[in-house]
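Keep in mind that the numbers below use all heavy atoms, side chains included, and drop hydrogens, waters and symmetry copies. Treat the numbers as computed from the prediction; the structure is a model and nothing was measured. Counting begins at 1 with the first residue of the sequence.
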Amino acid sequence: MTRALKSGSAAAFIALVAASSFNAADAQKADAIIGRWNGEFVDNGVRTSITIDFFARGTYARRVDVISEFGWTQNGDVLLIAPAISKIENDVSYGKPSVVKMKLADDVLTISDSAQTISMKRVTVPINESQLLGRWEGQSEMNEGVTQDFLSDGRLIVTLTLAREAGRFSVDGGSITFEEQIPTPRKRKTKFRVEDGKLLMYLTPEVPALALVRVADGAKF
């Protein structure tokens, strides 16, 4: 009886130590991903950017942006905007331009075509050479965040925020469990590993891992 108790106690102790080691390993993996990570991929000429912030308190925030490049020319209250269709080194080829109407009043820029109207506020300092140059931010009619950067070299970079989410995360072995709370409560698990300073996330079995690089430290709270 005593031997059985001792054997049982030993087994329980070994199990406890193993569980503690496992939890410690998971904690180390969780610590390794704390911070801001960004990755991009291109599909049919469209660049998609994914940014994930992992916070030390066990929460996360994720944003998905679609980034497009255009060429722009202003003629009074009219903008000619042509999509970039190819880029070889620094030479960019543009497609057929579209004509959109614009109205610039103080720090509010309104652009409209036959499909929709978008009003944006200036978020950078005005430039004397052209009041249009700089960054403008607003929302589409679908409540998607829109950022438009009018550059002095004639390029227009349009960033459309397709999705934002936030919630809690936990690490279990080689997987991250995301418990989304905003905008829709749900839970999902994603396999991952950290390799050569990159966070590799296996979003679906059909496609290669998405490689994210650290761009800034997350908040330590």
Side-chain angles (χ1 to χ4, degrees), residues 12-69 87 123-124 135-140 142-149 157-221:
F13 177 75
I14 292 172
L16 179 61
V17 171
S20 299
S21 300
F22 181 77
N23 291 335
D26 287 346
Q28 289 178 349
K29 286 185 177 181
D31 289 342
I33 65 174
I34 297 301
R36 171 168 292 183
W37 301 82
N38 177 260
E40 295 183 349
F41 62 90
V42 178
D43 184 21
N44 293 326
V46 177
R47 184 159 55 105
T48 300
S49 170
I50 299 177
T51 302
I52 306 178
D53 286 286
F54 291 102
F55 300 102
R57 62 181 182 270
T59 60
Y60 79 96
R62 183 189 338 233
R63 187 179 76 246
V64 180
D65 297 319
V66 172
I67 305 168
S68 303
E69 181 176 333
K87 186 174 184 179
V123 295
T124 53
R135 171 166 291 186
W136 304 80
E137 292 182 351
Q139 283 189 320
S140 70
M142 301 296 292
N143 292 323
E144 298 164 329
V146 177
T147 300
Q148 296 194 2
D149 292 290
I157 309 300
V158 178
T159 303
L160 183 64
T161 301
L162 293 184
R164 291 180 183 269
E165 67 177 75
R168 301 193 64 82
F169 79 94
S170 60
V171 174
D172 180 5
S175 299
I176 302 174
T177 297
F178 293 96
E179 296 184 44
E180 181 183 337
Q181 298 172 350
I182 300 172
T184 305
R186 59 176 177 168
K187 182 186 292 187
R188 64 183 180 278
K189 183 176 288 189
T190 301
K191 292 184 179 298
F192 85 102
R193 76 174 189 269
V194 178
E195 184 178 282
D196 297 330
K198 295 181 179 180
L199 175 60
L200 304 178
M201 301 188 67
Y202 299 85
L203 304 180
T204 64
E206 295 81 14
V207 298
L210 173 65
L212 300 99
V213 297
R214 190 188 298 273
V215 294
D217 289 336
K220 300 297 189 294
F221 57 85

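- Partner of E180 under the salt bridge (charged side-chain N to carboxylate O under 4.0 Å, His left out) criterion, chosen from K187, R188, R164: R188.
- Side-chain atoms of N38 never come within 3.5 Å of backbone atoms of I52 as a donor-acceptor pair (strictly under, hydrogens ignored).
- At a cut-off of 3.5 Å, with distance as the only test, a side-chain donor of R57 or T59 sits close to an acceptor on the other residue.
- When atom types are taken as modelled, the side chain of T124 and the backbone of R135 share a donor-acceptor pair closer than 3.5 angstrom.
- Residues F192 and L199 come closest through the heavy atom pair CD1-CD1, 3.6 Å.
- A pairwise comparison of heavy atoms in S140 and V146 identifies N-CG2, 3.8 Å as the closest pair.
- How far CZ of F178 is from CD of E165: 7.5 Å, rounded to the nearest 0.5 Å.
- Between M201 and I50 the shortest side-chain heavy-atom distance does not fall below 4.5 Å.
- How far CD of E137 is from OG1 of T161: 8.5 Å, rounded to the nearest 0.5 Å.
- The CD1 atom of I34 lies 10.0 Å from the CG atom of D53; values are rounded to the nearest 0.5 Å.
- Heavy-atom minimum distance, I67 versus S49: CD1-CB, 3.9 Å.
- Using a 4.5 Å cut-off on side-chain heavy atoms (C-beta onward), F169 and I33 make contact.
- The structure places OG1 of T177 at 12.5 Å from CZ of R168, a figure rounded to the nearest 0.5 Å.
- One finds the CD1 atom of I176 at 4.0 Å from the CZ atom of F54 (value rounded to the nearest 0.5 Å).
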